[in-house]
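Note on naming: letters A, B, ... go to the chains in the order of the sequence lines (proteins, then strands), and numbering restarts at 1 for each one.
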Amino acid sequence: MIRLLPILALSAGLSAAHAQELDPAAVQVLAGPCASCHGPDGRSPGAIPSIAGLPEADAVARMLAFRDGTDPAATIMSRLMKGYDEAEIRALARWFAEIAQ
Amino acid sequence: MKATRRDVLLAMGAGVGALALPRVGRAQGAAHVVVIGGGFGGATAARYLRRLNPDLRITLVEPNERFATCPFSNLYLGGLREWDSITHGYDDLRAAGVDVIHARAEDVDTTARTVTLSGGSRLDWDRLVLSPGIDFRWGELAGYDEAAVELAPHAWKAGPQTQLLRSQLEAMEDGGSFVMVVPQGAFRCPPGPYERASMVAHYFRTHKPRSKVIILDSQDRFSKQPLFQQGWQALYGDMIEWVSQTDDGLVVEVDAAAREAVTAFGTRHKADVLNVIPPQKAGLIAERAGVTDDTGWVPVVADSFESARVPGVYVLGDATIAAPMPKSGFCANAQGKVAAAAITADLAGREPPPASFANTCYSLIGPGYGISVAGVYRAEDGKVVEVPDSGGVSPLEAGPEFRRAEAEYGAGWYAAICADIWGTA
């Protein structure tokens, strides 16, 4: 329950209708290209950070910062995240948060 | 490479068993998906089909026991990678439950739903995935035929050709010239020729500093051009000369024995090492399957990467018409996952989930100097569209730390995608 609190808090600003559109099969497809750099299921074997098991709220904040161009360490993520809306970013954060590190 | 006896027996066993059942009977049991091509598209589709469908029968047909990747083959040419580090086997896919047959797919019958393999054995399929890569349009570039490739290698399919080009570079005297011919029409890996020029220049600078790199181009612009030219200037001075189409870069004839390339205006460029990248089309098996159109490439429905011409046949990667997605290994990998999800939904009688793709192409200009291009794509009315305002290239004004990070991330990408596909880092 403690783990769910940030999800509820972060989801507050989100239209419920849009959130419901993202069924697991759709999120799995959205998450597909993430593995191509961050490794299978987000577990990286190389220089790119792993994203499996990242706390959901942290991942949302980081992805939004990438998208908005406010992350000073960004290279390619700022260009990639501009291709995803906020509901998708939240769904991706939840998807990888639920995978064990 | 020939199929082993065991592979053929396995293939025949599978074929005979499936043939004995009527079509409906086949579909009611565990469905069988045959994947042709064990590269970035096909091996991804096989792995993700397995993950999504524990009961599905999946057979991957790939001639090579180890697959050499085009990505990072330029780093091998530049002396920055060992050959073994860019080849990948199939043990991990087998362990995951994919039947891997090392044979060549010779023919496809999309009515009877069979594939004929080298050696004559046959596989039945309920769904077919083709990820055949490219083949060359022999005869379009005068003088460049299948014998000429031994003298003036293309090295545009990673393998013995890449090793031949490397050995020619090693044998070349200092002060020589490496001449590369860039083809007309769509070709695999749009930034590839320019990364190759960079890596050859790196090798020359460190081993043969009086040598030259000359790119004879059929185009007036190229992928990540300002970034490449900035990097070339910074790292190699005037070692690399790019000749645009307008400046008489278009090569119309090759004399492989003399190592000469002749341009449209009749200029003869004499090379010490001549690298001819020929005009391209979809891999031949796509033609045999009847999925190509008169461009020589394969039209697909973007939502699933199912052939626009033959239902039940899915086509991935460089062979497809997927613009604005480029012909890249990353794109083939992304398409393989979308197709795996679509096939899974189709077999279960569900609508496929909405397609979503991305691409990232890193190019290495020198050690510690990387650049990238990225894009995010969706399906709209059956076509691939780029998400507005997404993607783009590395900033031109970025400093050395940024270039160093992108060089490291390029290596990280290669490790990650190989783990994702072949289970090998």
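- Enclosure of atom CG in B:Asp91 is not indicated, since only 12 or fewer non-hydrogen atoms of other residues, nucleotides or ligands lie within 6.0 angstrom.
- Between the side chains of A:Arg79 and B:Ser372, at least one donor-acceptor pair of N or O atoms lies under 3.5 Å.
- Taking NE2 of A:His38 as the reference point, atom CH2 of B:Trp413 lies at 14.0 Å (rounded to 0.5 Å).
- In plain terms, the two heavy atoms of A:Tyr84 and B:Ser356 that are nearest each other are CE2-OG, 4.2 Å.
- The contact between A:Thr75 and chain B is made by backbone and side chain atoms together, counting heavy-atom distances below 4.5 Å.
- Using a 4.5 Å cut-off between heavy atoms, B:Ala358 touches chain A through backbone and side chain atoms alike.
- In this structure, the portion of B:Phe330 lying under 4.5 Å from any heavy atom of chain A is its side chain and not its backbone.
- For B:Leu52, the part lying under 4.5 angstrom from a heavy atom of chain A is the side chain only.
- A salt bridge links B:Arg378 with A:Glu88: at least one charged nitrogen is closer than 4.0 Å to a carboxylate oxygen.
- One finds the CG atom of B:Asn359 at 9.5 Å from the OG atom of A:Ser36 (value rounded to the nearest 0.5 Å).
- Closest of all the heavy-atom pairs between B:Pro353 and A:Val29 is CG-CG2, 3.6 Å.
- We find the CE-OG1 distance between A:Met77 and B:Thr360 to be 9.0 Å, quoted to the nearest 0.5 Å.
- A salt bridge does not link B:Arg350 to A:Asp23: none of the charged side-chain nitrogens sits closer than 4.0 Å to a carboxylate oxygen.
- You'll find the side chain of A:Ile76 reaches within 4.5 Å of the side chain of B:Glu406, heavy atoms only.
- From B:Asp420, atom CG reaches atom OG of A:Ser44 across 11.5 Å, with rounding to the nearest 0.5 Å.
- Counting heavy-atom pairs closer than 4.5 Å to chain B, the top residue among A:Gly46, A:Pro33, A:Gly39, A:Ala31 is A:Pro33.
- Of the residues considered (B:Glu401, B:Arg51, B:Glu386), B:Arg51 shows the highest number of contacts with chain A, using heavy-atom pairs under 4.5 Å.
- Across every non-hydrogen atom of A:Ala26 and B:Pro354, the tightest pair is CB-CD, 3.9 Å.
- Neither the backbone nor the side chain of B:Tyr377 comes within less than 4.5 Å of any heavy atom in chain A.
- No donor-acceptor distance shorter than 3.5 angstrom exists from the side chain of A:Lys82 to the backbone of B:Asp389, with no hydrogens or angles considered.
- For B:Asn333, the part sitting under 4.5 Å from any heavy atom of chain A is the side chain, from C-beta outward, and nothing else.
- B:Ala355 touches chain A through its backbone: at least one of N, CA, C or O sits under 4.5 Å from a heavy atom, while the side chain does not.
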